[in-house]
Every structure is written in C-alpha cells, then in structure tokens.
Amino acid sequence: MIPALVPAKALQVGKSRLRASLGAEAAEALAVAMLRDVLSALLAAERVGPVGVVTPDPGLAEVAKGLGALALLGDDPGLNPSLLRGSQELCTRPEEGLLIVLGDVAGIRAAEVDALIEALDRLGPRGAVLAPSLDGGTAALARRPA
C-alpha cells in the first residue's frame, strides 16, 4: 500500500482556460466532478493506502472528506511547495513511497493506478514511475521514497 496525494487548486482559479467558454459556475462544477472521479479511482485501488487532497479550498476539502479522503487544507504557495507540505503530512513512512495524481486526470481507473504502483514495486526500494499526460506533462507520479 502506498499513500496517494492529490493537489487541487482553489475552485475560483481552477479550469482557467475553460472559464471563458463554460462560465465560472460550470468550470467549478467540472473541477469538482473531475476531483470526485480521481478520488473515487484512488480509493477503489487495491494498492493505495491513505488518500489526501492538498488544497486551499474549504469546499474541495469537504468533497475530499465526504468521499473518505483526508483533507489537507492550507495556503497555496504553488504546486511544488503544496506537494511537499502534503507529503510531509500524509507520509508517515517515507520508505513506502508516494503516489501523486493531479486532481483533474480524466478517465482515471483504479486498475491503472494499481498498475502504476506495481511498476514502481518492480523497481525495488528506490525509483519513480511517471504517467504522461497528452499535453506533454505528467498526470501521475509514483516515487519511492516519498
């Protein structure tokens, strides 16, 4: 089992490229729906331990808690500092590793999450496995140690 951390921007700033065409309310509803999908997949994965959401948004923290994830509410100093803070709060045993999944990964499935962790396990006590996104970024990162 490996802990999973999901960074989630405040609703007011998330999905900024879609706001012009969708409007603020629909963009925020989409962000919540995508976060729910990501959390549902992580919570259903067999190889995932605790799931935490690091966010500055109290509403998203409530969504996380409502689904059974930990809400790691705090300021938003940017993605990397937020991930560092979240991993320090979530990972009680850094040698187990950490899975980071963005809060808006479309179509994520529990079986894919388990496959990513299995790939990490094959690397032994140290390593990293990336799941690339179509835009050239990274949708998920599993690493050991955390």
Report the C-alpha separation of Leu79 and Leu83 in whole Å, then their side-chain angles, then the decisive distance to 0.1 Å, and conclude whether the side chain to side chain contact (heavy atoms under 4.5 Å, CB included) test is met. CA-CA 6 Å; Leu79 180 60; Leu83 290 174; 3.9 Å; yes

Applying the 4.5 Å side-chain criterion to the ILVMFWY set and letting contacts propagate, would Ile2 and Leu116 be lumped into a single cluster? yes

Rounded to the nearest 0.5 angstrom, the CZ-CG distance for Arg85 and Asp76 is 9.0 Å

ask   = Same cluster or not: are Ile108 and Val129 linked, directly or through other Ile, Leu, Val, Met, Phe, Trp or Tyr residues, by side-chain heavy atoms under 4.5 angstrom apart?
value = yes

Here the pair of heavy atoms bringing Gly97 nearest to Pro3 is O-CD, 3.4 Å

Separation between CG (Leu73) and CD (Glu89), nearest 0.5 Å, reads 9.5 Å

When rounded to the nearest 0.5 Å, the distance separating CG of Leu98 from OG of Ser87 is 6.0 Å

Exercise. Leu120 and Val51: same hydrophobic cluster, using ILVMFWY side-chain contacts below 4.5 Å?
Worked result: yes

Exercise. Do the non-hydrogen side-chain atoms of Ile100 and Arg143 ever get within less than 4.5 Å of each other?
Worked result: yes

Are Leu35 and Thr55 close enough that some pair of their side-chain heavy atoms sits under 4.5 Å apart?
no

When rounded to the nearest 0.5 Å, the distance separating CG of Leu102 from NZ of Lys9 is 9.5 Å

Practice problem: Report the C-alpha separation of Asp135 and Ser133 in whole Å, then their side-chain angles, then the decisive distance to 0.1 Å, and conclude whether the side chain to side chain donor-acceptor pair (under 3.5 Å) test is met. | Solution: CA-CA 5 Å; Asp135 68 0; Ser133 61; 2.5 Å; yes

Could you go through Asp104 and Val38, starting from their C-alpha distance and side-chain angles, then the distance that decides it, and tell me whether this counts as side chain to side chain contact (heavy atoms under 4.5 Å, CB included)? CA-CA 7 Å; Asp104 60 356; Val38 168; over 6 Å; no

- Query: Do Leu60 and Leu90 belong to the same hydrophobic cluster, where Ile, Leu, Val, Met, Phe, Trp and Tyr are linked whenever their side-chain heavy atoms lie under 4.5 Å apart, directly or via other members?
  - Reply: no

Quick check on the hydrophobic clustering: are Leu67 and Val54 connected, directly or via other members, by side-chain heavy-atom contacts under 4.5 Å? no

Just wondering, do Val48 and Leu43 contact through their side chains at under 4.5 Å, heavy atoms? no

Glu46 atom CD, over 12 foreign heavy atoms within 6.0 Å:
no

All heavy atoms of Ala128 vs all of Leu141, minimum pair found to be CB-CD1, 4.2 Å

Are the side chains of Leu123 and Arg144 in contact, using a 4.5 Å heavy-atom criterion? no

In Leu42, Val101, Val105, the residue satisfying side chain to side chain contact (heavy atoms under 4.5 Å, CB included) with Val113 is Leu42

